Amino acid sequence: TLSASSPLRKRDLVVVSNREPYVHSRTDDGIAVERSAGGLTTALDPVLRRLGGTWVAWGSGDADAAVADDGTVRVPPEEPAYDLERVFLAESTVEDYYYGYSNSTLWPLCHGDLGRIRSEPSHWPAYERANERFADAVVEGVEGGDPDPIVWIQDYHFALLSDRLRSRSGLPDAATIAQFWHVPWPSPDAVRVSPHARELLEGLLGNDLLGFHLPAYRRNFLETVDRLLPGASVDREAGIVRSEGTGSSEPERTRVYARPIGIDVSSARRAESTEEPSSVFEDYELDPGRSLLLGVERLDYAKGIRERLRAFEHLLETEPRWRESVTHLMVAGPTREQVPEYRRYQRRVREQVAAINARFGTDDWTPVRHVEAAVDWERLLALYRAADALVVSSRRDGLNLVAMEYVAANAGGTGTLVLSELAGASEILEGAIEINPYDVAGTAAAIDRALSLEIDEADEAQERLESLSESVRRHDVGEWVRSFDREVRALATDAAARGDA
Ligand code: F6P
């Protein structure tokens, strides 16, 4: 709940993200609408449902499906509450802006995997073009409406958007522009690698408010600005950056804050009334007499899937008692397949799974089961509850909501979390068995310990889960939205104190 004086309640809200919350497609039976999976839809769809507003996103479905005369669509279909404004991009722009600059440069850069950066001359211009297109769409959405709308941009696809918005005449002067960066912000030395580092920073400083999950990312950002933008002045303590403004624009002031997103704890708990955990044993041909180690992620190198498989293999090598008594079920569907690095990674993961199964498998035991098909939410909750342990082995991760979902789905029951200390979630979750995914023997030992806890140290397992549940509750997604609301309010208080308003 937001307070009565909340800016989000009083002012028009425009959310911008790359992924759309609902995808419309034309089928033989009419128009099909699918709600997107993923943390962003879970976090922001309920907010817009309640407050109304506009969500601007890349139109990844059929352009002619469900379009009103003005080009917008009302969603959700069962109870229309807000406008979805879809930005349709040419295939070549998607190729260069989304698969290219966003996911072949920014993603590896922000995740500290500099060797995986692949850059083509067409990537950056397309990224600029897409940001321009979104700026036009946002202005169209706010023109003639509320004189002081709040525009809330999401993620790394739009580093230039706030700056481009500032240069549009249709944007009301009193608009607040804010952005949340959902991936890590790396060290200044990593950012320096980019030939566009300055443009990225200047682009982001068009925001009045800029949010990161963790204080460490915020610190890195402030330090990066301090080192790479000599014209900007940075107050690291207060998290305020004053920049020169670009081109014809005025000097700007950006407030930088940190607050992690969370999950909708109540929807993960509802598991108890839905699918039975036992059903998944049959569906995935699992033997309930064996321990179940679960992994859930997109097939992304940042998730450390290969490191984890190596650790699991090491466990079977060094602790033979686990042979035939544990199954590792990996729910890891393909993602971003147009990016060569991702295709290569997929191939290697499949080969590694096959090699482990060939080496250790028996007639009635497959050590690793890899599920590549999408798993719906109810089924996922049943899997979370059926698993003795979940392992998150990210090499780097902005936060990791899967860890939180696992905890919430098992609250009051059993289940141990093995969590990479390189995932942002490890900063806020207490009670996990932590691993460094590059430490093969250490990760194998942590998995061994987690599975053993579930068998013969129920008290410790329960204590860990209680403490984890408490941290997940404290970081419920509602708290993330309320913190944004408070930050927007603080902007107005700051401005009043300076005599600007
Ligand atoms: O972690 C940041 C994030 O933008 C998430 O919202 C999402 O899980 C992922 O990265 C983006 O995935 P995709 O490229 O499939 O939209």
Side-chain angles (χ1 to χ4, degrees), residues 15-23 34-45 55-61 86-87 89 93-113 116 123 127 130 134 152-159 161 179-186 211-214 217 259-264 295-305 331-343 345-346 372 374-375 377 380 392 394-405 420 422-428 477 480-481:
V15 165
V16 187
S17 72
N18 178 65
R19 286 271 166 213
E20 43 184 352
Y22 294 90
V23 182
E34 206 185 324
R35 187 172 193 262
S36 298
L40 212 53
T41 301
T42 313
L44 292 171
D45 180 55
W55 191 322
V56 181
W58 164 44
S60 55
R86 297 170 301 167
V87 178
L89 302 169
T93 305
V94 173
E95 187 68 32
D96 290 326
Y97 137 77
Y98 171 72
Y99 295 108
Y101 196 75
S102 300
N103 287 315
S104 301
T105 288
L106 276 180
W107 181 270
L109 182 81
C110 290
H111 288 85
D113 214 333
R116 280 195 161 95
H123 289 177
Y127 187 77
F134 274 82
W152 195 10
I153 304 163
Q154 309 295 320
D155 235 341
Y156 61 98
H157 312 87
F158 301 118
L161 181 52
Q179 182 154 10
F180 199 90
W181 193 262
H182 290 264
V183 292
W185 190 275
F212 294 94
H213 288 307
L214 302 179
Y217 305 157
R259 175 79 213 188
I261 198 172
I263 60 160
D264 176 4
V296 177
E297 57 253 311
R298 292 176 301 106
L299 253 172
D300 192 313
Y301 52 80
K303 304 293 180 186
I305 300 169
V331 178
T335 179
R336 305 175 186 168
E337 288 178 278
Q338 276 86 330
V339 180
E341 283 294 317
Y342 282 79
R343 285 202 300 275
Y345 195 72
Q346 268 174 41
E372 298 200 34
V375 173
W377 180 235
L380 192 59
V392 172
S394 311
R395 295 152 59 106
R396 196 78 183 112
D397 214 330
L399 200 62
N400 195 284
L401 297 179
V402 165
M404 299 191 193
E405 288 170 1
S420 166
L422 304 172
S426 75
E427 297 287 321
I428 57 171
V477 66
W480 180 71
V481 174

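Positions are given from 1 along the sequence. The structure presented is a predicted model; accordingly, all values stated were derived computationally and were not measured. All heavy atoms count here, side chains included; hydrogens, waters and symmetry mates do not. Whatever order the structure lists them in is the order used to number ligands and atoms, beginning at 1.
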Is the shortest N/O to N/O distance between H182 and ligand 1 below 3.5 Å?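 H182 vs ligand 1: no N/O contact under 3.5 Å.
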Please report whether ligand 1 has a polar contact with R336, defined as an N or O pair separated by less than 3.5 Å (distance criterion only).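 The answer is yes, given that R336 and ligand 1 share an N or O pair closer than 3.5 Å.
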Name the closest protein heavy atom to [atom], giving the residue it belongs to and the distance to 0.1 Å.
| atom | answer |
| --- | --- |
| atom 14 (O) of ligand 1 | Y98 OH, 2.5 Å |
| atom 15 (O) of ligand 1 | R19 NH2, 3.2 Å |
| atom 7 (C) of ligand 1 | R298 NE, 4.7 Å |

Is it the case that atom CD in Q338 sees more than 12 heavy atoms from other parts of the structure closer than 6.0 Å? yes
The criterion is salt bridge (Lys or Arg N to Asp or Glu O under 4.0 Å); which residues satisfy it with R336, sequence neighbours excluded? D300
Can you tell me which portion of Y99 lies within the under-4.0 Å heavy-atom range of ligand 1? Options are side chain, backbone, both, or neither.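 It is neither part, as no heavy atom is under 4.0 Å.
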Checking side chain to side chain donor-acceptor pair (under 3.5 Å) between N18 and each of Y98, Y97, Y156, which is the one that passes?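 It is Y97; the other options fail the test.
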Quick test of your reading of the model: are [X] and [Y] salt-bridged, counting only N-O distances below 4.0 Å?
| X | Y | result |
| --- | --- | --- |
| R343 | E337 | no |
| R395 | D113 | yes |
| R35 | D45 | yes |

Atom 2 (C) of ligand 1: any protein heavy atom closer than 4.0 Å: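 Looking at atom 2 (C) of ligand 1, one finds that a protein heavy atom does lie closer than 4.0 Å.
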If we only consider heavy atoms of D155, is any one of them less than 4.0 Å away from an atom in ligand 1? yes
